[in-house]
Every structure is written in C-alpha cells, then in structure tokens.
Amino acid sequence: MRDYHEGEVARIRKQEILEKGKQRSDVTAENIRKWKVLQELQDRNETLFYKVLMENFVEMAPIVYTPTVGWACRTYSKNFRRPRGMFFSAEDRGHMSSMIYNWPAEEVDAVVVTDGSRVLGLGDLGMQGLGICIGKLDIYVAAAGFHPMRVLPCVIDVGTNNKAYWDDPFYMGIPRPRLEGEAYNEIVDEFLHAVMARYPNAVVQFEDFQTSHAHTLLERYRHKHLVFNDDIQGTAATALAGLVGGLKVRGLPPSALVQEKIVLTGAGSAGIGVATQILKAMEKHGLKQEDAAKNFWILDKDGLITRARANLPSHVHLFARPEAETEGMSLLNVVKRVKPTCLMGLSTVGGLFTDEVLTEVGKHCEKPMIFPMSNPTSSSECTAESAQRCTQGRAIFASGSPFQDVELDDKICASSQANNMYIFPGLALGAFLGKTGVVSDGMLMAASEALSKLLTDEELAKGSVYPNLKNIRRISLFMALSVIRAAHEEGRLTGRALRLIERGEDELVNYIKANMYSPHYNPLVFRP
C-alpha cells in the first residue's frame with residue numbers, strides 16, 4: 001500500500017508541476033513585470049503610456065491584452081488600485097440611469113461590457129472580468145485611435161458560479177450564484193438603456209458572455225442598437241479573414257472558400273459564430289445555405305454533432321450532420337473520414353490536436369489550414385511547432401495566442417496570430433464614424449475579405465494569413481474604410497461620412513485619420 005501511495009503522490013505532484021508549467025507558458029514573470037510597469041505608467045502619464053503602446057505595439061499588445069490580460073483578470077481583486085471602469089450590479093436595479101452620470105466624460109464613443117461569465121478560456125471570473133474590458137479598450141485607443149477619455153469599460157455583476165470566490169475575502173464582487181432567466185435579461189436591458197440614454201452615438205461591444213446568453217443578447221439588441229459581440233462576430237470575422245488569407249497563400253481567390261472541408265472543434269458561442277460567418281461567406285459566393293452547411297463537421301466535448309443528438313441547441317442545429325451513425329465520433333476518426341482541408345479549434349482544450357490528428361490532416365491536403373484559435377496559450381489546441389512538424393512544414397498556421405515562427409529544414413514557416421484586434425478596432429471605428437445604427441453581417445463580411453488585401457508578397461511566401469501587426473493603425477484605417485463602404489452600399493451610412501464618401505474616397509480617408517487619436521502633449525496655454 002505504501003508503494004502505491006508514494007507512486008500516486010508522485011503522479012499528482014508531476015501533474016501539479018505540469019499545470020504550473022502551462023500557466024508559466026501562458027504568462028511569464030516578465031510579462032507580469034511589464035504589465036505592472038505599464039499600469040504604473042498609465043496611472044502617472046496616460047499620454048506617454050499610449051505612445052509607448054503604439055510605437056511598440058507588437059511587443060506590448062500581448063502585455064495589455066491576451067494572454068497577460070487573463071492573469072490580470074484572475075488577480076483583479078488582489079491587485080486592485082483604481083477602477084478604470086464602471087461597476088453595475090444586480091443590486092443597482094432601478095438606479096443605472098442615474099449611475100451612468102457618475103462617469104466624468106460628457107461624450108463616450110465606445111463601450112466594452114462583460115458579465116465575467118466566460119473570460120477567455122478561464123471560466124467564470126465574476127466582476128473581475130472588468131480587466132478584459134480595460135485591456136480591450138486600450139487596444140481600441142492604440143489600434144483604432146479612439147480617444148482614451150471617450151471610452152468606457154463596464155462590468156455587470158450578477159453574481160458568480162465560481163464557488164472559490166464566495167468565501168474569498170479579497171473578491172470584490174457579489175459572492176452568490178448568478179442571476180438567470182428574465183431577471184438577468186432585465187438587468188442587462190436596464191444597463192444598455194442607461195448607456196444609450198446618455199451616450200446615444202456610442203458603439204457597444206459585448207465581451208466574454210457565456211454561450212447561454214451571448215447569442216440571445218446579440219439577437220435581442222443588434223437590430224436596434226449599434227452593438228456587436230466580439231466573441232461571436234469579431235472572432236468569426238477574424239477567422240474568416242484568416243481563411244481568405246489562407247486561400248491567397250494557396251494562390252486561390254476568396255470564391256474558392258466554397259470548396260473547403262472544415263472540421264471545427266467547439267460548439268460554443270465563438271465556435272458556432274465562426275461557422276456561421278464562414279457559411280454566410282459561402283452563400284455570398286454562390287452556395288445555398290443547406291449546401292454550405294454540408295462543408296462543416298463540428299465537434300463538442302461529446303464528439304461529432306449530428307441530428308441524432310438529444311436537446312440540440314437551435315443555433316447548432318443547422319450544422320448537425322445528417323449521418324446518425326457518426327454521432328459522437330472522435331476527432332481522429334472524423335479527420336480520417338472527412339479528409340479536411342481546414343482544421344479549426346475553438347474548444348479551449350489544450351493539446352486537443354494531437355500529433356496523430358495533425359499527421360492525418362497533412363496526409364490529405366498539400367497545404368492544410370490549421371487554426372487553433374483558443375486562448376490563452378495553455379488552451380491552444382496545438383502549437384505552431386507541432387503543426388509544422390507533423391505536416392513537414394506545409395501547414396498554413398494561425399492561432400489565437402502568439403507563437404514564434406517555426407524553422408524547419410532551413411525554411412521559415414509563419415505562425416500567424418488569429419487575433420480579433422485585426423478586426424474589432426477598425427470595425428468599431430467604421431461603425432461609429434459612419435453612424436450606421438447597427439453592425440450588419442455585410443459590414444463584418446467586408447472587413448474579413450478586405451484584410452487579406454494588406455498582405456505583402458513576402459508575407460504570402462512565408463505562409464502568413466494576416467498582415468504584420470506593426471502596421472495596426474494602417475490596418476484599422478483600412479478596416480474602418482471597408483466597413484463604411486459596405487454600410488454605404490446597404491444604405492446605412494449617415495452623417496458626415498455619407499457626405500464625404502459621395503465627394504470621393506480621399507476625403508473619407510482624411511476624415512477617418514482626423515478622428516484617430518494621436519498621443520502628444522498639448523500646450524497648456526494657447527498663444528495666437
């Protein structure tokens with residue numbers, strides 16, 4: 001018994017070390033040190049903070065945003081120094097319309113709000129999800145030029161189902177189970193009406209709401225307000241942009257998307273959002289909806305989803321396979337059966353794409369697209385190194401978290417990052433400046449298909465599916481321009497942008513540039 005016990009203790013200890021190693025691979029001590037230095041700089045000198053962020057964007061974006069922002073959210077209560085955002089809770093019912101006037105800015109152009117129920121791949125973090133909204137809006141400022149005094153991070157605290165927080169004396173939120181049902185909807189309704197009453201022109205982004213609410217809330221508001229959900233629409237638009245870029249690497253036009261066979265893991269809000277956006281692109285290029293849906297094989301924790309699955313959610317039903325005998329089939333067997341040209345991961349299950357799965361994908365496609373899009377790094381379905389090694393350097397690779405390029409047999413294989421920051425800052429800027437009223441599917445599609453036009457020949461030769469983030473301002477400007485063009489075609493464009501687009505594109509570009517914040521010191525005294 002003693003030998004068995006010692007062996008079990010050793011096994012558990014080994015597992016603990018592995019788990020700690022995963023956490024270290026996500027966020028290093030150096031990441032945390034830089035995050036703290038940047039926070040202190042932002043406290044002292046916000047202008048200099050954004051100047052540093054903009055001029056060192058590729059290096060600093062992973063510090064203020066994913067993956068380091070995941071650590072910042074987990075430790076938000078213990079590291080709290082100043083709010084940087086607004087806290088609304090279930091206990092504020094009936095008071096939100098007056099509370100919103102506590103925010104000092106007379107004008108707000110962009111709001112990012114979460115209920116903290118599904119932050120990145122970290123689960124329910126409750127009110128600590130405010131950290132992701134703060135990080136997101138730092139990217140809005142640096143990437144798209146929103147003015148830092150005119151952005152508003154918010155959290156709606158309706159409780160948490162993470163029991164570890166209930167007895168945590170440091171936790172700043174409501175230590176009880178989450179509100180659900182109509183009571184939950186009433187709280188979100190009141191919040192949105194309060195924001196829209198004071199800031200009617202603001203674009204509102206929903207961030208990291210759990211699947212059971214994300215689709216419902218999006219459909220509840222998207223046809224009446226200037227809102228979008230980044231996990232559903234932003235991730236989807238980014239993924240579609242990656243596929244279009246991947247087709248360009250293969251030397252194919254966007255219309256070749258209709259020939260792709262896509263195996264996708266993860267049937268949550270992000271996974272189904274990605275599948276839906278790609279399906280709409282296939283429809284745009286000539287396929288009927290039912291024919292486009294046949295190009296997808298979607299798996300969740302119970303395996304391949306078919307119509308034989310009991311209690312199938314309505315938003316998943318379209319993608320359920322008709323072959324009942326394949327219900328619950330494993331990922332490896334699906335890959336062997338389907339021979340996909342594209343393997344996508346939004347499951348948040350680290351290492352799900354095993355070497356055996358990746359090797360099998362590489363057997364049947366000369367340049368397979370392998371997109372493990374889950375965040376943070378420990379939740380990534382595979383690494384860039386394993387994808388290239390198992391496919392002999394032929395994979396077109398993009399991931400949600402950053403990986404270094406891979407050198408294999410004297411060849412540099414690009415590791416693109418399928419990061420939503422390619423899409424959401426420019427999308428929000430275009431929708432805001434165009435006063436479009438809503439964020440339509442056509443506007444999202446335009447942003448997705450426009451991104452690949454910024455790829456250079458050198459980037460395509462390496463297999464990159466996204467342009468270099470060091471040009472993020474140029475990227476966001478081009479995204480905003482594409483969104484405004486699409487809104488104009490749909491008859492949604494209003495205000496000054498409408499008048500300028502009719503005069504010519506150069507004037508519209510100058511208008512967008514003029515509305516992009518640039519960090520510099522203004523004179524304290526005006527001298528005529």
Side-chain angles (χ1 to χ4, degrees), residues 114-124 158 161 177-185 187-189 206-223 227-237 239-240 262-283 288-331 334 338 343-349 352 373-375 379 381 400 441 444:
T114 186
D115 69 353
S117 55
R118 191 199 61 84
V119 178
L120 298 173
L122 304 172
D124 186 346
V158 294
N161 292 335
R178 288 183 168 275
L179 282 182
E180 296 292 345
E182 192 55 34
Y184 174 87
N185 291 335
I187 293 294
V188 181
D189 280 347
F206 289 104
E207 177 72 16
D208 286 344
F209 284 74
Q210 63 185 350
T211 304
S212 59
H213 295 307
H215 282 277
T216 303
L217 293 176
L218 180 61
E219 289 305 314
R220 190 180 183 95
Y221 304 122
R222 65 173 303 197
H223 303 294
V227 303
F228 70 100
N229 183 303
D230 188 48
D231 304 298
I232 298 173
Q233 296 166 294
T235 299
L240 175 58
I262 300 168
V263 170
L264 187 152
T265 61
S269 59
I272 297 302
V274 166
T276 301
Q277 188 72 10
I278 298 171
L279 179 138
K280 288 176 180 176
M282 290 179 175
E283 289 184 82
K288 293 181 179 179
Q289 186 182 78
E290 57 269 26
D291 293 329
K294 293 176 183 177
N295 290 336
F296 294 86
W297 288 259
I298 295 181
L299 296 88
D300 64 3
K301 61 184 177 61
D302 298 317
L304 182 65
I305 297 174
T306 73
R307 293 173 191 168
R309 179 78 61 93
N311 302 317
L312 198 62
S314 58
H315 64 281
V316 181
H317 188 271
L318 175 62
F319 298 99
R321 300 298 303 179
E323 306 91 355
E325 69 277 8
T326 63
E327 168 61 37
M329 183 178 282
S330 70
L331 175 60
V334 169
V338 173
L343 178 64
M344 306 186 77
L346 294 108
S347 65
T348 70
V349 179
L352 181 63
M373 297 183 66
S374 295
N375 282 311
S379 299
E381 287 78 6
D441 291 333
L444 288 158

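These numbers come from a predicted model, not from an experiment. This chain uses plain numbering: 1 for the first residue, then up along the sequence.
- Contact between Ser374 and Ser379 at its shortest, heavy atoms only, is CB-O, 3.3 Å.
- Listed by first and then second residue, the salt bridge (charged side-chain N to carboxylate O under 4.0 Å, His left out) pairs involving residues 209-222 are Asp189-Arg220, Glu219-Arg222, Arg222-Asp441 (not counting sequence neighbours).
- In this structure, the side-chain hydrogen bond (donor to acceptor under 3.5 Å, both in side chains) partners of Thr235, at least two apart in sequence or on a different chain, are Asn420.
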- Task: Take Gln289 and Leu318 through the test side-chain contact (heavy atoms from CB on, under 4.5 Å) and record every step on the way to the result.
- Result: CA-CA 9 Å; Gln289 186 182 78; Leu318 175 62; 3.8 Å; yes

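- Phe319 and Phe296 have perpendicular rings, their planes meeting at more than 60° on a 0 to 90° scale where under 30° would count as parallel.
- Asp208 contributes no side-chain N or O that, together with a main-chain N or O of Gly116, makes up a donor-acceptor pair within less than 3.5 Å.
- Remark: the backbone N or O of Asn229 is paired with a side-chain donor or acceptor of Gln233 at under 3.5 angstrom.
- Annotation: ring-ring contact (aromatic ring centres under 6.0 Å, His included) contacts of Phe228 (sequence neighbours excluded): none.
- Applying the side-chain hydrogen bond (donor to acceptor under 3.5 Å, both in side chains) test to every pair with at least one member in residues 299-310, sequence neighbours left out, gives these pairs: Asp300-Arg309, Thr306-Glu327, Arg309-Glu327.
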*Go through the steps to decide whether Ile262 and Asn295 satisfy the test side-chain contact (heavy atoms from CB on, under 4.5 Å), and finish with yes or no.*
CA-CA 6 Å; Ile262 300 168; Asn295 290 336; 5.7 Å; no

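- Taking CD1 from Ile272 and CG from Leu279, the interatomic distance works out to 10.5 Å, rounded to the nearest 0.5 Å.
- Between Ser330 atom OG and Leu299 atom CG the span is 8.0 Å, to the nearest 0.5 Å.
- In plain terms, the two heavy atoms of Ile305 and Ala267 that are nearest each other are CD1-CB, 3.7 Å.
- With values rounded to the nearest 0.5 angstrom, Ile232 atom CD1 is found 8.0 Å from Thr211 atom OG1.
- Expressed to the nearest 0.5 Å, how far OG of Ser117 lies from CZ of Arg178 amounts to 4.5 Å.
- Under the 4.5 Å side-chain criterion, counting only non-hydrogen atoms from C-beta, Leu331 is in contact with Val263.
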### Query
Does the pair Met344 and Glu381 meet the rule for a side-chain contact (heavy atoms from CB on, under 4.5 Å), with working shown?
CA-CA 9 Å; Met344 306 186 77; Glu381 287 78 6; over 6 Å; no

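- Between Leu217 atom CG and Asn185 atom CG the span is 6.5 Å, to the nearest 0.5 Å.
- Residues satisfying the side-chain hydrogen bond (donor to acceptor under 3.5 Å, both in side chains) test with Glu207, not counting sequence neighbours, are Lys136, Gln205.
- Residues meeting the salt bridge (Lys or Arg N to Asp or Glu O under 4.0 Å) test with Arg321, sequence neighbours left out: Glu323.
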side-chain contact (heavy atoms from CB on, under 4.5 Å) for Val274 and Leu346? Distances and angles first, verdict last.
CA-CA 9 Å; Val274 166; Leu346 294 108; 3.9 Å; yes

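- Interatomic distance, Leu444 CG to Leu240 CG, rounded to the nearest 0.5 Å: 9.5 Å.
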